[in-house]
Amino acid sequence: MPSAARTTIDAIEVSGKTVLVRVDFNVPISDGEISDDSRIRAAIPTIQSILDRGGSCVLMSHLGRPSGNGFESAFSLAPAAVRLSELLDRPVNLPSDDCLDDASRAAVASIGSGEVILLENLRFHAAEKKGDVDFAARLAIYGDVYCQDAFGAAHRADASMVAVPQAMEGRPRTAGRLLEAELKYLSGAIDSPERPFVAVLGGAKISDKLATIRHLAGRVDTLVVGGAMAFTLLRAMGHDTGRSLVEASMIEEARAIIDAVDATPTTLLLPVDFVCAAAPAAGVETTVSGPDIESGLMGLDIGPASINSFSAAVRAARTVVWNGPMGLFEIPPFDQGTLAITNAMIEATIAGATSVVGGGDTAAAVNDLGLGAGFTHVSTGGGASLRMLEGGPMPGVDTLDLA
Ligand code: ADP
Ligand code: MG
């Protein structure tokens, strides 16, 4: 389990040096337009810190899932270079359509202090996803210092995350400001929480969150489980779940996990009622029932009594971590449970609690509501934040010299 970084980019002398920064510019792009630039914004503090101190930045990132056989315009980082240039208010040079060709190498070789280069999508080379050592050695030449700031990819062992810093052994290998914050809040909350410590889990599938439940059992005071994943647990307890989403193959595993949590001091808090409908669509007739649901209906959100008990648990917390929406929040009125948890977490934060949101869909839900600023920390990494909540390995962090 990685701990909060103590030696970060701010502690490294970068004047006159070229810092090779792994950023996460994997932004949503359609028709050449970036619909959400928050990942680019999140990298600004690190980049600015390097430039302000007389360093230069060579930025590298992946974007989407190109085939790995060379340039594909749909996966070009060119729109990200334009946006970054606007945000930094200085030129950003995307030298070529290949991060390792002569043009890219020449641009890096002649970079000047205060200048920024963005290399084209690393995944245009299949070697990136394979963690290839030769590919990494060629990238490693680009930097005097390695800086890891791509939290969203830090649970992956891609070449730019692991083999590049390995190839740069002997040169400083450090965390950027974003990675530092993510580690501080995610591992800080889990490893040394102020109590009561409450975790709220939800989302579609229990199979995605089993490792998280296992890791949090015994660590949190209360484990709140909503979302569709609660139905597999309720089925394991003998309840009728109607046509709600249940992972039939996981029912036995769900029984085992309930017993495992019961064997710890952690209290498991499950929904007692649901907002149900015949189909997951806007404008359908809804009824509240539970904990049993009749055969023709689907539970699509937690009900009012569950909202009350979940909100009370969250408001009483001094540390609260949340991953996974409480219902089918994309379709109103099934967004009310997720909205209620959002509000309860914001109230807890105002009262002095540390509140952390992880998970791609959960963070998107909170940010779409315009309420992200009400939390102590909203993670920029979906899979990576879940990995942290599982206490699993973070290859992109483990190669850094953070002691
Ligand atoms: P995250 O990305 O935050 O980890 P997940 O991907 O696990 O979250 O789950 C998010 C999805 O779960 C959302 O698309 C949401 O609509 C769905 N979901 C949550 N509760 C229900 C439910 N009761 N019925 C159907 N879908 C649900
Ligand atoms: Mg998701």
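For ligands, and for the atoms within them, numbers begin at 1 and follow the listed sequence. Since this is a predicted model, take the numbers as computed values, not measurements.
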Counting each atom of ligand 1 from 1 as listed, which ones have a heavy atom of [X] under 4.0 Å away?
X: G359; answer: 3 (O), 4 (O)
X: F231; answer: 23 (N)
X: L300; answer: 23 (N), 24 (N)
X: N323; answer: 4 (O)
X: G227; answer: 20 (N)

Q | Chi angles and distances behind the side chain to side chain donor-acceptor pair (under 3.5 Å) call for D98, S96 | A | CA-CA 5 Å; D98 179 343; S96 135; 5.7 Å; no

Q.
Within this structure, what is the OG1-CD distance for the pair T342 and Q336, rounded to the nearest 0.5 Å?
A. 10.5 Å

Check: [X]/[Y] side-chain N/O donor and acceptor closer than 3.5 Å:
X: T354; Y: E194; result: no
X: E128; Y: S160; result: yes
X: T267; Y: T222; result: no
X: S355; Y: T349; result: yes

Protein contact of [atom] - nearest heavy atom, named by residue and atom, plus distance:
atom: atom 26 (N) of ligand 1; answer: L328 CD1, 3.6 Å
atom: atom 6 (O) of ligand 1; answer: D361 OD2, 2.9 Å
atom: atom 7 (O) of ligand 1; answer: K209 NZ, 2.9 Å
atom: atom 25 (C) of ligand 1; answer: L245 CD1, 3.7 Å
atom: atom 3 (O) of ligand 1; answer: T362 OG1, 2.4 Å
atom: atom 13 (C) of ligand 1; answer: E330 OE2, 3.3 Å
atom: atom 12 (O) of ligand 1; answer: A204 N, 3.2 Å
atom: atom 8 (O) of ligand 1; answer: P325 CD, 3.6 Å

(Q) If you apply the rule side chain to side chain donor-acceptor pair (under 3.5 Å), what do you find for T380 with E182, and how did you get there? (A) CA-CA 8 Å; T380 57; E182 295 276 8; 2.8 Å; yes

**Q.** Test: E252 and R255 ion pair at under 4.0 Å
**A.** no

Q: Determine, for R177 against D10, whether the closest basic-nitrogen to carboxylate-oxygen distance falls under 4.0 angstrom.
A: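 The answer is yes: the pair qualifies as a salt bridge.
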
Q: May I ask you to identify, for F274, whether its side chain, its backbone, both or neither come under 4.0 Å of ligand 1 on a heavy-atom basis?
A: neither

Q | the Mg ion (ligand 2) to nearest N/O/S of D361 less than 2.8 Å | A |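 So D361 does bind the Mg ion (ligand 2) by this criterion.
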
Q) Out of A228, G203, G202, whose heavy atom sits nearest atom 21 (C) of ligand 1? A)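 The nearest heavy atom belongs to A228.
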
Q.
Minimum distance, heavy atoms only, to atom 23 (N) of ligand 1: which one of G327, G324, G299 is it?
A.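 Selected option, by shortest heavy-atom distance: G299.
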
Q. Are more than 12 heavy atoms from other residues, nucleotides or ligands located less than 6.0 Å from atom NZ of K205?
A.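 Check fails, neighbour count at 12 or below.
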
Q: Check F25 against A80 and note the closest heavy-atom contact, atom names and distance.
A: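 Here F25 and A80 meet closest at CD1-CB, 4.2 Å.
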
